[in-house]
Amino acid sequence: MIKTSIKNERLLTHKTDCLVLFSTEEKNPSGKLAELDTKLKGIIKLLFKNKRFEGKLNQTLLLNTTKPMRADHLLLVGLGKGNEVTADKLRQATGTAAKYAEKAKLTTISFYIPADNDAKDIHTGLAKSNESFTQTIVEGGLLSLHHFDEYKQPAKEKLSRIKQIVLITTVKSQVSSMRFSSSKGQKLAKAVVATRDLVSQPSNTATPSYLAEKAQEFAKPFGMTCKVLKASDMKRLEMGALLGVAKGSEEPPAFIILEHHGGIKNDPPVVIVGKGITFDTGGISLKPPANMDEMKMDMSGGAVTLGTLSAAAALKIPLNIVGLVPASENMPSGNAIKPGDILKSMSGKTIEVLNTDAEGRLILADALTYAARYKPKAIINLATLTGAVIVALGHQAAAVLGNNDELATSLQECGEVTGERLWPLPIWPEHEKAVKGDIADLKNIASPGIGAGTITAGAFLKSFAGDFPWCHLDIAGTSWSSEDKPYTPKGATGFGVRLLTRFLEQVAKNTQSY
Ligand code: BES
Ligand code: MN
Ligand code: ZN
């Protein structure tokens with residue numbers, strides 16, 4: 001575990017392996033960097049002059065230092081154009097710096113946190129988003145340095161990893177607010193990392209029962225309640241859609257219910273629902289073999305739900321919040337549902353299963369019906385639901401669809417700040433018509449000519465969300481990254497945890513308009 005600490009010290013006398021200083025795109029060093037440069041006989045100014053360093057976003061330059069500085073190295077990191085700095089760019093630059101230092105085998109890394117009235121450009125960008133510099137740095141550092149390596153033999157490289165992040169301020173009065181922000185950043189990063197680890201686990205470990213166990217673990221330290229419904233409970237509740245998907249698997253399904261009672265008694269909760277398919281083979285409508293291994297991530301929505309609830313509880317958000325995760329495998333077998341089979345969902349609506357690979361919407365149908373029991377303030381579901389969302393938005397954004405534009409806009413705004421982008425798609429009456437069944441109430445896929453796969457999936461879900469304000473986030477393109485990004489290593493991203501936690505904080509503060 002990486003240690004985080006705060007020190008009130010001068011930059012020159014601070015002893016560390018690596019002191020990181022941010023710079024916006026400039027012709028000359030400015031602010032604290034310029035001040036330090038005069039002590040370093042103008043060497044940094046020369047680097048700017050020779051264009052060795054220009055402050056471009058995520059640009060890095062590592063310098064060995066000597067007296068009078070007590071830091072062994074100085075790492076300059078660019079933030080890009082001064083008037084375009086955002087919280088997410090700062091988070092990225094931090095991640096870039098942290099990983100760079102780790103590669104250089106430096107084990108303690110110190111970030112200079114400017115005084116509130118310094119580095120005006122950086123602060124204007126952050127002020128707009130109301131994000132704290134400290135929190136952003138802690139998030140960027142911890143998220144970028146996370147490795148999922150429990151299946152690897154202990155390697156030498158583990159020894160040279162960063163052990164400590166130090167936050168330096170020269171302003172004593174700033175220390176206590178920095179403590180608060182740092183602790184918040186640590187709690188968020190911990191929840192994201194736990195979410196990523198869940199998603200990274202292969203499906204022979206991460207079964208529905210394993211997810212349920214993890215949910216219990218997540219609940220414990222914060223006094224959340226966790227209840228897990230078994231197949232027999234699902235039968236009693238007539239969750240025919242979830243049971244239909246689970247039928248083909250030897251692994252028993254689970255329906256996880258996590259509750260954080262942070263608000264006043266009987267205040268309606270926000271319900272978060274996450275798709276928990278621990279492996280999606282497609283079922284009888286079997287998927288082709290290429291990249292099928294990635295379908296272990298089909299429980300990302302569920303993992304994000306658990307991660308968000310644990311973050312919300314750790315931060316003691318004064319709001320009632322419920323997390324629901326319908327969990328199952330989607331397997332082909334002699335017991336599996338077949339194309340054309342009709343399932344009766346918990347809502348009473350019947351569904352023609354025309355393609356067993358459109359299983360996510362089936363298990364979510366019953367979970368959304370269950371959510372209505374809470375008479376929620378809002379329902380937000382997350383699911384790696386369609387490959388079509390990758391066609392529409394690539395890996396840069398998740399799609400947001402729903403029945404309430406204000407809710408969608410609030411979520412989108414949160415995502416801008418946290419660097420988890422959402423982009424809206426409509427659900428029009430034609431799309432709802434496209435999933436009306438021929439011999440049952442609904443069918444789980446629209447006819448081939450209709451197109452708009454992400455939207456028709458959303459239209460299907462809409463008929464189970466009732467009249468509650470509801471949004472669906474299709475995270476199929478954003479849950480898994482095939483490349484390293486500044487603070488997101490290749491693999492599971494944990495996309496959604498910070499976004500939803502921010503959203504829940506805002507609902508608790510009553511700044512939501514929906
Ligand atoms: N889990 C998949 C969607 C998915 C695709 C997630 C790529 C992550 C990356 C989902 O269950 C699925 O199979 N959807 C089908 C729906 C189709 C049969 C209508 C799809 O997108 O092909
Ligand atoms: Mn599928
Ligand atoms: Zn799936």
Side-chain angles (χ1 to χ4, degrees), residues 239-242 244-245 255 270-277 280 298-302 304-305 322-328 330 343-355 357-374 376 378-389 392 398-405 407-408 411 422-437 440-446 450 452-477 479 496 500:
M239 293 179 157
L242 172 55
V245 172
F255 189 91
V270 173
V271 179
I272 299 171
V273 182
K275 171 178 173 182
I277 292 290
D280 183 10
D298 213 17
M299 34 59 81
S300 296
V304 170
T305 302
V322 176
L324 301 177
V325 182
S328 169
N330 185 25
L343 301 174
K344 186 164 181 201
S345 68
M346 185 183 175
S347 70
K349 288 184 179 146
T350 54
I351 307 164
E352 286 174 63
V353 180
L354 297 183
N355 188 320
D357 199 8
E359 84 296 341
R361 61 197 80 179
L362 297 174
I363 67 168
L364 288 169
D366 283 344
L368 289 170
T369 303
Y370 192 90
R373 292 184 147 201
Y374 291 94
I379 308 174
I380 298 156
N381 75 252
L382 297 105
T384 46
L385 207 60
T386 63
V389 78
V400 53
L401 305 90
N403 62 11
N404 186 304
D405 287 346
L407 178 60
L411 289 164
L422 301 182
W423 204 254
L425 288 176
I427 301 175
W428 287 315
E430 292 86 341
H431 301 119
E432 292 179 64
K433 200 167 150 232
V435 289
K436 290 259 173 294
D441 298 323
L442 291 154
K443 50 189 180 189
N444 78 331
I445 55 165
I450 300 283
T454 303
I455 301 180
T456 53
F460 180 91
L461 294 179
K462 185 172 180 238
S463 63
F464 294 92
D467 292 330
F468 302 101
W470 159 79
C471 274
H472 153 57
L473 312 185
D474 193 332
I475 56 173
S479 290
L500 288 180

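Residue numbers run from 1 in the order of the sequence given. Not measured: the values here are computed from a predicted model.
Of the inter-residue distances, the one linking Leu242 atom CG with Leu343 atom CG reads 10.5 Å to the nearest 0.5 angstrom. Between the CZ atom in Arg373 and the CG atom in Leu324 there is a gap of 10.5 Å [rounded to 0.5 Å]. Atoms CD1 and OH, from Ile379 and Tyr374 in turn, are 11.5 Å apart once rounded to the nearest 0.5 Å. In this structure, CD1 in Ile363 is found 6.5 Å from NZ in Lys275, a value given to the nearest 0.5 Å. Rounded to the nearest 0.5 angstrom, His472 NE2 and Leu382 CG are separated by 9.0 Å. To the nearest 0.5 Å, atoms OG1 (Thr386) and CD1 (Ile475) are separated by 11.0 Å.
Within the 4.5 Å cutoff, the side chain of Val435 has no heavy atoms near those of the Lys462 side chain. When side chains are defined from C-beta on, Leu442 counts as touching Phe460, because their heavy atoms get closer than 4.5 Å. Taking 4.5 Å as the limit, every side-chain heavy atom of Cys471 sits out of range of all side-chain heavy atoms of Asn404. In this structure, the side chains of Trp470 and Leu461 come closer than 4.5 Å at one or more pairs of heavy atoms. Between Leu473 and Val304 the shortest side-chain heavy-atom distance does not fall below 4.5 Å.
Minimum interatomic distance between Ala371 and Val271 (heavy atoms only, all atoms of both residues): CB-CG1, 3.9 Å. Closest of all the heavy-atom pairs between Phe464 and Leu368 is O-CB, 3.6 Å. Taking each heavy atom of Leu401 and Ala399 in turn, the nearest pair found is CD1-CB, 4.0 Å. Across Thr305 and Val273, no two heavy atoms sit closer than the pair OG1-C, 3.8 Å. Contact between Thr384 and Ser300 at its shortest, heavy atoms only, is CG2-CB, 3.9 Å.
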Give every donor-acceptor pair under 3.5 Å between a side-chain atom in residues 344-351 and any protein atom, sequence neighbours left out.
residue: Ser345; atom: OG; partner: Ser347; partner atom: OG; Å: 2.8
residue: Ser345; atom: OG; partner: Lys349; partner atom: N; Å: 3.4
residue: Ser345; atom: OG; partner: Lys349; partner atom: O; Å: 2.7
residue: Ser347; atom: OG; partner: Lys349; partner atom: N; Å: 3.1
residue: Lys349; atom: NZ; partner: Ser463; partner atom: O; Å: 2.6
residue: Thr350; atom: OG1; partner: Asp441; partner atom: N; Å: 3.0
residue: Thr350; atom: OG1; partner: Asp441; partner atom: OD2; Å: 3.2

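Proximity of a side-chain donor or acceptor of Asn444 to a complementary backbone N or O of Asn355 within less than 3.5 Å is detected. No side-chain donor-acceptor contact under 3.5 Å links Asn381 to the backbone of Ala383. For Asp474 (side chain) and Leu385 (main-chain N/O), a donor-acceptor pair under 3.5 Å exists by modelled atom type. A distance-only check finds a donor-acceptor pair linking the side chain of Glu352 to the backbone of Ala440 [under 3.5 Å].
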Next item on the list: Applying side-chain contact (heavy atoms from CB on, under 4.5 Å), run through Ile445 and Thr456 and close with a yes or a no.
Entry: CA-CA 7 Å; Ile445 55 165; Thr456 53; over 6 Å; no
